[in-house]
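Have a look at the structure below, then the notes.
Bear in mind that the values here come from a model prediction, so they are computed numbers and not experimental data. Sequence lines set the chain letters: A, B, ... in the order given, protein chains first and strands last, and positions in each chain run from 1.
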Amino acid sequence: MRSPVARARRALAGRPRRIVAAVAVVVLVAAALVWAVRPQHPDFRTESAVVTVRSGPAGNEPVDLDTTLYLPGDASEANRVPAVLLAHGFGGTKESVRSDAEDLVARGYAVLTWTARGFGRSGGQIHLDSPDYEVRDAQRLLDRLAARPEVRLDSAGDPRVGVVGGSYGGGLALLLAAQDQRVDAIVPMITWNDLSRAFLPESTGKPPTEGVFKKGWAGIFFGGGGNAGSGPAGLSGATAAVPEGAPASAGPASPRPGAGPGSGSGRAPGGAADPSCGRFAADVCAAYLRIATTGRADAAAVELLRRSSPAGVLDRITAPTLLVQGEADTLFPLTEADANARGIAAAGTPVRVAWFTGGHDGGAGPTSDSDRVKFLTAQWLDHYLEGEGAAPGDTFTFSRIAGFDALDRGLVATGYRTDDYPGVTGQDRREVALTGPAQPVAVPPNGNPAAISAVPFAGALGSLLDGVAGDIPGQHARFESAPLDDPVDVVGAPTVRIRAASATGEAVLFVKLYDVDPQGASTLPSGLVAPVRLTGLPATLDAAAPVTVTLPAIVRRVEAGHRLRLVVATSDQAYATPADPAVHTVALADGPLALPTVDAEPIPTSATVWRWVLVGLLAAIVVGLVVVVLLTRRRHRRQDRSIHPEYAGVPLAVRNLRKAYADGFVAVSDVDFEVHPGQVVGLLGPNGAGKTTTLRVLMGLTQPTAGEIYVFGHRLVPGSPVLSRIGALVEGPGFLPHLSGLDNLKAYWRATGRPWADAHFDEALEIAGLGASVHRRTKKYSHGMRQRLAIAQAMLGLPELLVLDEPTDGLDPPQIAEMRRVLQRYATDGRAVLVSSHLLAEVEQTCTHAVVVNKGRIVASGPVEEIVGESPSVLFDVSDPDAARTVLDRLDGVRVLPDGDGGLVVDTNGTARSEVVAELVRAGIGVDRVVPRRRLEDAFLALVGDNSRGSGDR
Amino acid sequence: MADSSTASTSGGAAVGYRPSATLPFGAEFRRQASRRRTQLGLGFMVLLPLIILVAFQFESGGDDGGGRGEFASLADLATSGGLNFTLFSILVSASFLLVVVVALFCGDTVASEASWGSLRYLLAVPVPRARLLAVKLLVALAYSGLALLLLAGTALLAGTLRYGWEPLSSQVSAELAPADGLLRLLGVLGYLAVVLLVVAGLAFLLSVTTDAALGAVGGAVLLWILSSILDQITALGGLRDLLPTHYSSAWLGLLSTPVQTDDVVRGAISAIVYATLFWGLAFWRFTRKDITS
């Protein structure tokens, strides 16, 4: 039964086992790699189609829309699923939201994506989410969804549907929900409330006609619209890495240098129109051209933009709305979402607001943020569409950049939540006094050079690195606070009151709030500025009326010791400013800078879980250690401590010892002997007979395969306490090379933990006989010196059993003779010595007893005399050895042995000695001496045979 | 009978022998202290900050472009105060020098005894194998910790004497008051110590597996480098989180304001799991193996 197992073990033994281990490791690594790059098997199907819908003011203008419908694998007529209309951002296509669509379809929603009119392969022109065009297109798509057999219906023609989208898509979600009551939930992200205010902001509350044109963003949009067919869609084209909804589909196409509206690709079906307008509808294009030329918006242009804004229709939205807005967004700042939230909530519709640290400038934000947005979106849709989960409530969540991630160098955001949405005015205010004299500021002609506040798409990172924001000397006024005593967490839009005077009576100013650290480095949070247009200004400050400027809403912690710096600049690269040079005077008005604050608690993250995991892990390790120690102790206590009565007084009894190595080699097959007090036992055998293996087992270095060893009746296993009664020299000395001989002995004795006085250093050192060399490093010792030191070490503490492996190795003859005496002397007072050697003369002269081992077996044991006595050889001292040899050779059976130093060693082989002598004398050879040869060597050779080859090295 | 009962409690041991008294911590500490490599290792920890300090005196004055990222920024800040100087010293040694030193202390300890042949005499004392390993491990860890402390201590002392007791500043955080900065610095040291447990575990495991001290030390360092290289390969994605070196620089998070402990916690978990695994294997292996050296 055992043989297959044994064979398998042998096959695995030695080198093959290593190969198996290596193969196992390679296989594991390969499996891990395959797992890592395994292809995802999506459980959904898609249907792409170009569909023609009819829209326009009269609903009769056909337009081709490029659509893709994603259906969960299990969606069917029997298992109808809710649908999501997923809209892309400006300049994108349906492909820009593919990864978001795949996320949603994986959650069990039928997802319809389409390329909005005027973009990609869809036909038509860009009307900027016009209710008559884009919104009506979407309504027709709702019709199509209602006609699908897989889509759940609220009633005939009314699908259960949510609308999700960012930026341009978010605007569409709001406008569609206002226009079509079939929409059941919307998640508009980073989008606008009033497009005219977004592009023509004014921070003292003036209407868009008085606004300052945000020319940077407008230009990017206009260029993006014109080039929609040629550029990659989405914020960066790499939408796979950003979360669903807004952050992915947020941005316009990357602006391409030199690619104006006129260079639009001809690939677009409707793109052959006016080269200055690209694919923009004529009215939109005309409005843009007017605004961009003058930097001012006329009423008609504002009207057109308002038509594309949810601002006026919010009261019609009944679909529960989750508003997600970015903090790093100079295009659609937090105030836009705030206006939407207030408008929708006023109609009694459930609204929830969440801010994250990304936006049109900041992108998707840190992972924690995109995860939160993802979670909130899924929660919202699951509740209001699927009907799963509790109502999400209206808890307001936001996040703040906490610093850089140490590992991937990205930004890290901390999430916060509070029960009620406080708006941008905060729950509380912290007032900080600013100081600074009235300062003259120059307006550069044509707004050049201009201050830089933000670079689109680099907002959060750029402002944090302080590498972007910069003001032009002479063109800005500074007002600073004292260093803050304690940190303040600003959440919302700070306000400040300023006064300005100008000979021109009018001034366009940019007000911004810097966070200045103690070293003087200033940071403009998210690159946000508040543009103001002041009119009717007096020529001198005395007559100037204070105005309240609402600064952009921010989320930022201003650390203690930092200052706040209010900068009022006359130019900004992102905005259109008056062309004529002028000089204004700017001063602070009465009243401090008011910073809104929100009392919010951090959102627990997975980090909390990990912390508990760490605690649990440590506890588990402690418990594990305790268990292991207890088990070991218990096993230790249960260990057989009985004394074998038969061997109680026997220093060493080896019983049926067997040691087979893993590779099948049997070093010791059956060794059985005893060492009694007062004996010096020689363990004798050729090289590889198994002597050293026996001694290794005896020292507890190796586990025997079978058999027992008893020392004074105690069973000996590795680490048995009884080993402390054995002094050993096995396989040569082992010393710390950098220590002197004496220090080595001391270090060794220290390791035993036994009392210092028990060591008997003096006696040991005398035996070593090293003299002054004992203070030299053992590194410099000769072989013999080391050997003697090792014997001294073995004798430290005068152990009752001394085990010496080849003790005379390296010693010179006088030392050998001395060692002999030492050993014989040692084996008194109940002590015993076991000497292993292959030097026969050595054993014969030193030992009282001998054990002869060969090929792992005992071949003879007993007193040396007895072993030697069995020898039949005789030593003849003769007058003529050569003649004697010929005589002896003639005798039958008599053999002359080769080794005869001086005399003849003769194996008489049964022939009587007297007869041999008689024969010699008869031949005329004088016989001086006849001595029975009692040499162990003969006995040894007789026992072992003179060929020890083949036994291997044991 | 009385004789047999006393013998059965002591297991037949020689007078004065108690397994729990063998190889006392102090004895092993002295054994290691007398070794040249211990003295050199610790000495270099003292010397390195001084060398860096001297090197900073050779300020060329010319601006060599800067913009080498975060490292450059920490280097530029290094001379702004004792705390920053200490931080810089830690930064330059964390990724390699400390790894080598810890691998040296933990990888050499058992393997060198095996190569000298003194291991079998310790086991024949007999020092129980688990105790031998435990004491050797504790002493190796103590020396590793000592090395870390010596490096930081010398840097702090020398840096403070030269550059003054200034607040800790970095590019990723607000300026920290010296007392707070010192706490952060201790946190960084603590985290580094935890991360280096992986090296300690690996080197120790190799140390009981081989008789060649160099093999154990070099093997541990090589595997550490391999792990660092794999960590650079982003294609491995989430698998990289499992690499023992993945979180090795998470201590940078301790410098930001507010302190980012997420990766520190994860890194600590990873390091402790690995170290426990390696040590467990080492004990399992050593208490069963045949000592053939």
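Heavy-atom distances place both the backbone and the side chain of R31(B) under 4.5 Å from chain A. K659(A) touches chain B through its side chain: at least one heavy atom from C-beta onward sits under 4.5 Å away, while N, CA, C and O do not. At a 4.5 Å heavy-atom cutoff, the contact between I621(A) and chain B is made by side-chain atoms alone. Within the 4.5 angstrom heavy-atom criterion, atoms from both the backbone and the side chain of S34(B) approach chain A. Heavy atoms closer than 4.5 Å to chain A are found nowhere in R131(B), neither backbone nor side chain. Heavy atoms of L736(A) lying under 4.5 Å from chain B belong to its backbone as well as its side chain. When heavy atoms are compared at a cutoff of 4.5 Å, P645(A) does not approach chain B at all. In this structure, no portion of E800(A) lies under 4.5 Å from any heavy atom of chain B. For L698(A), no part lies under 4.5 angstrom from a heavy atom of chain B.
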(message) Set out, in order, the CA-CA distance, both residues' side-chain angles and the distance that settles side chain to side chain contact (heavy atoms under 4.5 Å, CB included) for E731(A) and R120(B), then state yes or no.
(response) CA-CA 9 Å; E731(A) 286 189 278; R120(B) 56 177 179 268; 3.9 Å; yes

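Across all non-hydrogen atoms, the minimal contact from V127(B) to A751(A) is CG2-O, 4.0 Å. The two residues S724(A) and A14(B) have their closest heavy-atom pair at OG-N, 2.8 Å. In terms of heavy-atom proximity, G700(A) sits nearest to R129(B) at O-NH2, 3.2 Å. Contact record, R750(A) with P24(B): O-CD, 3.3 Å, taken as the closest heavy-atom pair. A pairwise comparison of heavy atoms in G732(A) and Y121(B) identifies O-OH, 2.6 Å as the closest pair. The heavy-atom pair separating T702(A) from I291(B) by the smallest distance is OG1-O, 4.1 Å.
A donor-acceptor pair shorter than 3.5 Å can be found between the side chains of R611(A) and T261(B).
Proximity of L614(A) to I272(B): side-chain heavy atoms (C-beta onward) are separated by under 4.5 Å at one or more points. With contacts defined as side-chain heavy-atom distances shorter than 4.5 Å, the pair W610(A)/I269(B) qualifies.
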